[in-house]
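A note on names: the letters A, B, ... follow the listed sequences, proteins ahead of strands, and every chain is numbered from 1.
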Number of protein chains: 2
Amino acid sequence: MAVFLSTYVNKVDRKGRVSIPAQFRQSLAKTSAPGTVYLWPSLNHQALEGADQDYLDVLSESLESPDLDADERDMIETFIFGKLIPVSSDAEGRIVLPKELAEFAGIGEEAAFIGRRKTFQIWEPDALKAHEAALREQVVRKDISLSQIVAKASRGAAARNGEGA
Amino acid sequence: MAVFLSTYVNKVDRKGRVSIPAQFRQSLAKTSAPGTVYLWPSLNHQALEGADQDYLDVLSESLESPDLDADERDMIETFIFGKLIPVSSDAEGRIVLPKELAEFAGIGEEAAFIGRRKTFQIWEPDALKAHEAALREQVVRKDISLSQIVAKASRGAAARNGEGA
DNA sequence: TGCCGTCCCATGCTATCCCAAGAATGCCCA
DNA sequence: TGGGCATTCTTGGGATAGCATGGGACGGCA
């Protein structure tokens, strides 16, 4: 599955075209549907989410899980699969941002691609800055550090592996 | 996984290139992606963090842990993976410091690499000195000693291994 | 027939690769 | 034990290829 990292800000031309960052393109090239990305409006932010075919397959499968309640399933089906737009890139690696999606995210002349491992997001650059600033404040307020989180996660994993049994 | 120790100060040329300290390079050579390091802005300092592929794999895994709440996960995905830049070294063992990262850390003509075992940091040399001075003061004030820390840690490990059950 | 979307071509910039030399270190031999 | 030699590391500059971006032309749909 493709891995998306880093942040890139690219321009949107008059036709609504944007270059997919080269790094993302390389990741996408290795998936089962190279040249095609799927876009949908984020559930939680005024931004777009993007992923490759393989990720959607996984998502689709997890919808079959009995652990989900009907509400959750309904929500995903309506807001993700219902809004999903497959977009194919041209020879230069550009895609056309569908109008309604660009509007939803408030994207004008520039679009910020931010990698989130298995998916990525597309933001209006200033909106992204604001979002990051808000998040950073939380980091400070809660005094979060990376090593702390790794420790917390691995402690939990150890417990599940038998030490707690 | 690579181990990084000691401190090195190297020059940054006009193109933003820096030599990775030879010692670090030797460590990196043994990892699953030799020649590639990952850089991102530190959560807690005006400095850059660096690691190898293997460390990131561990980090990535810990994000899957159910012990983390959604906030924390979102934060890490935005601030670490969203800012993460894979950098590959040239034949001479140099990397290019991405502009936005160099700016974030205030790095100009010189960069200080400081090993932190599984990761390393890159500082603007003067900022590092100031940081170290501040830390040293804390050591004195809190009367911290190495043997104390080792004792404390091993006492905790013993408790978790059954003495407390 | 007019408009919209897609494809193709062109260009400036940036990053990557390649080649080269000075400096510092460690080793070997006298 | 001291000096000389060789190797490694750091640093510098030029050439090349890739990428982001812009505009125009062709074809399809309404």
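In this structure, A/I20 places its CD1 atom 15 Å from C1' of D/dT21, rounding to the nearest Å. Atom CZ in B/F24 sits roughly 15 Å away from atom C1' in D/dC9 (whole-Å rounding). Note: CG (A/L97) to C1' (D/dT21) measures 15 Å, nearest angstrom. Rounding to whole angstrom units, CG of residue B/L28 and P of D/dC9 are separated by 14 Å. In this entry the distance linking CG of B/N10 with C1' of D/dG12 reads 14 Å, nearest Å. Rounded to whole Å, the distance from CG on B/D13 to C1' on C/dC18 is 15 Å.
For the pair B/E137 and B/K142, the salt-bridge criterion is not met [side-chain N within less than 4.0 Å of a carboxylate O].
A donor-acceptor contact shorter than 3.5 Å links the side chain of A/N10 to the backbone of A/S19.
At a threshold of 4.0 angstrom between heavy atoms, the contacts of B/I95 with the nucleic acid are absent. Using a 4.0 Å heavy-atom distance criterion, A/R17 is classed as a base contact. Counting non-hydrogen atoms under 4.0 angstrom, B/D90 reaches nothing in the nucleic acid. In this structure, A/R94 reaches the bases: a heavy-atom distance under 4.0 Å links it to at least one base atom across the strands shown.
In the set D/dT10, C/dT16, D/dT21, C/dT16 carries the atom at the smallest distance from any side-chain atom of B/V96. Distance from the side chain of B/A22 is smallest to D/dC9 among D/dC9, C/dG5, D/dA25. Comparing D/dA25, D/dT21, D/dC9 by their closest approach to the side chain of A/K11 singles out D/dT21.
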#### Entry: From CA spacing to verdict: side chain to side chain donor-acceptor pair (under 3.5 Å), A/R116, B/T78
CA-CA 7 Å; A/R116 294 173 62 89; B/T78 303; 3.2 Å; yes
### Message
For B/D54 and B/K118: C-alpha separation, side-chain torsions, deciding distance, then whether salt bridge (charged side-chain N to carboxylate O under 4.0 Å, His left out) applies.
### Response
CA-CA 10 Å; B/D54 298 339; B/K118 300 177 182 177; over 6 Å; no
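Side chain A/E92 to base C/dC9: a donor-acceptor pair is found below 3.5 Å.
Judged by the 6.0 Å distance and 45° axis criteria, B/R117 is not positioned over the aromatic ring of B/F4.
Remark: A/R14 is in phosphate contact with D/dG23, judged by side-chain N or O atoms under 4.0 Å from OP1 or OP2.
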